[in-house]
Amino acid sequence: MTDPRARHQDLVQQIEQHRAAYYGDDAPTISDAEYDSLERDLRALEAEYPELAEPDSPTQTVGSAGVATGFASVKHRERMMSLDNAFSLEDVAAWLARVGKEAGDVELVCEPKIDGLSISLTYVDGELTQGLTRGDGTQGEDVTANVRTIKGLPHRLDGEHVPAVVEIRGEVYLPIRDFEALNEALLADGKAPYANPRNTAAGSLRQKDSKVTASRPLAVTAYALGVLDWGDQEPDPRLEQQAGIYQVLSDWGLPVTEHAKVLRGIGDIEAYLLELESKRHSMVHEIDGAVLKVNDRAVQRELGFTSRAPRWAIAYKFPPEEVHTTLEDIRVDVGRTGRVTPYGVMTPITVAGSTVTYATLHNAHEVKRKGVLIGDTVVLRKAGDVIPEIVGPVVAARTGAEREWTMPAECPSCGTTLAEQKEGDKDLRCPNSEFCPAQITDRIAFIGSRGALDVEVLGEKAAVALVESGVLANEAGLFDVTEQDLRRVPMFVYEVDEKVTKKQADAGVVGRQAGDVAENGRKLIANLASAREQPLWRVVVSLSIRHVGPTASRALAAAFGTMDGIREASSDELAAVEGVGPTIAQSVREWFDVPWHADIVDRWAAAGVRMADERDESIPQTLEGLTIVATGSLEGFTRDSVKEAIITHGGKASSSVSKATDYVVVGANAGSKADKAEQLGVPILDEAGFVRLLEHGERPG
Ligand code: IVH
């Protein structure tokens, strides 16, 4: 499209359509980042062709007038503005240079940008009289009856010193936890879940029946003032500062953010933005960035407004965590316990800083529940941690060429018919655990992983190479592998001769001959040798017994002390171990009863793998009888080593805090467990206190 007018019209039409969906009850069809980019294109085009920037262009207006509703339309006493956006620190610095008188040196209030919907609340003589949505900024919808149901929103302002008329602006939102609970309930009823908290909050506030609104745990945060008339009283002098507004609002009983900070200089601002972004997922509500506001309200008045936004404030938007991409295919993976997991293959896309191509879809029910088709445009999210999630399809983007996916009936690795292990299982499994190549290689690679025997070099690639070359039929022979065997594995041998000069040879450099075992092969043999010395619980983990992870393995090893002890125990004896329930007990019992499983243990034992934990008499049993939970990051311990220390000193390492917990060891960035300990009155130890207890049995006073 080369004609700027046609391109302009096209952009305007798209933006208006998306605004109508966003401000209405429809689920959005594009991500916020894509929407922002449309607006940016339009702005750039209008900068080049200013004659296109008519007053009704979306660059000059806010919200959407195109949403038909059953609510009365009411004019705002003072217009509700939007905010201009900054997408990088450079954008922020450029804005700062515009507003700051001397080299951007101006005091700012920095606060979270809440991802909810804006509201204007009118209080007359301290009484809440009206609640309006933003609408198009000039006219909003009267949602007074619904607003009154919001918990934590006062119907009467606190204190004597309240204005005759005041409009309070803020954001209505649905706390993330409540959103998740709401969706869980919907799913349990077989209903479609909501798209996101923002949409749900908007839908909840715009209910015809305020009883429905009342049933939704909406919340509000106040952050600005509109019209303000003190009548015959003196105005509160604190209102001359943006930061003072929050003190006053709070004195009146309105909820305000706890995260606002007064800052000066781009360095401190950058630090604030980084910290806020790192807290993004531990906030009560969703945030999509920060808002920076000039603190001095006299300076705010000087700077004034453009047609749609104040010049004295800017929204800094975080990089998107939700993007759209194409679901090119759905494939299945067979894991070490035979579980068959479908996963999506997508057109690679950057989300929250890394490129994503694959995302698990868990099982066939999940694929159905999400309603995704091969070829769909999908919403991809990377929330909090590192795991990308396909949220669902963008139904409006369908062309008709999409096709449904069906779960294969046979194992893609060995062709065996897939089955539920027990009736009602969500997962399908390949029952051929003895011979299925995918399961064998996954089990071998798992033995090398950090949570098991931690054998460097023994990863997925090495496992596949060892099986494909015929060196290993399964994991039973792993500790019998010799350098001689590795000569048959291309991955572990030199491909070509590498001669050395006489000078190099004199300097100690050795030549290589094609077919010699390479460095990685020698390392593998050495690492396998030292892995034989790993503690018993790690050997138990390495057996890939269903339901038996590190916690159960530790409990079993601590209770029985030897592999034979575990192997010979009855289900009842196993189930009697603290931390081992009947499901695990049965799984362990059944596992050892299979002859080829018993053979694995026998061959490992013959190869010198540790099959018993010797109690180290030199370790003082300082924690005898104590149940301890460690949380947060400690300086002298890893997550595993702290548990190990607790157990070897005679204590019980638990992962959840309860009344039965004796101590909670709290490290840096500890989360809910520390809170729980406080609630229950469980004594808290810092790292130093823990070490004193561990080494000398010194209990805090
Ligand atoms: S101040 C005149 N502060 O973001 C300035 N807005 O994208 C009014 N928002 O319309 C806005 N958190 O709905 C302000 N801490 C905050 C905010 C905030 C969220 C919303 C508000 C605004 C939109 C602009």
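Counting starts at 1 for both ligands and their atoms, following the listed order.
Here Ala309 has no heavy atoms under 4.0 Å from ligand 1, in either its backbone or its side chain. At a heavy-atom distance under 4.0 Å, only side-chain atoms of Pro310, from C-beta outward, approach ligand 1. With a 4.0 Å cut-off on non-hydrogen atoms, Val291 touches ligand 1 through its side chain and not its backbone.
Using a non-hydrogen distance threshold of 4.0 Å, Arg169 does not register as a contact of ligand 1. Distances from ligand 1 to the non-hydrogen atoms of Lys293 include at least one value under 4.0 Å.
Atom 15 (N) of ligand 1 has its closest protein heavy atom at Glu111 OE2, 2.6 Å. The nearest heavy-atom contact from the protein to atom 4 (O) of ligand 1 is Lys113 NZ, 3.2 Å. Given atom 8 (C) of ligand 1, the protein heavy atom at minimum distance is Met81 O, 4.3 Å. The protein heavy atom nearest to atom 13 (O) of ligand 1 is Glu171 OE1, 2.8 Å.
Listed for the Arg308 side chain is no donor-acceptor partner under 3.5 Å among the backbone atoms of Ser82. Listed for the Arg216 side chain is no donor-acceptor partner under 3.5 Å among the backbone atoms of Gly203. Arg311 places a side-chain N or O within 3.5 Å of a backbone atom of Phe305 that can act as its donor or acceptor partner.
Close approach to Arg134 involves these atoms of ligand 1, each under 4.0 Å from a residue heavy atom: 10 (O).
Residue Leu117 has no N or O atom closer than 3.5 Å to an N or O atom of ligand 1.
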| task | Go through the steps for Arg43 and Glu46 under the test salt bridge (charged side-chain N to carboxylate O under 4.0 Å, His left out), then give the verdict. | result | CA-CA 5 Å; Arg43 225 173 274 284; Glu46 291 183 356; over 6 Å; no
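Considering only heavy atoms from C-beta on, Glu39 stays 4.5 Å or farther from Thr59 through its side chain.
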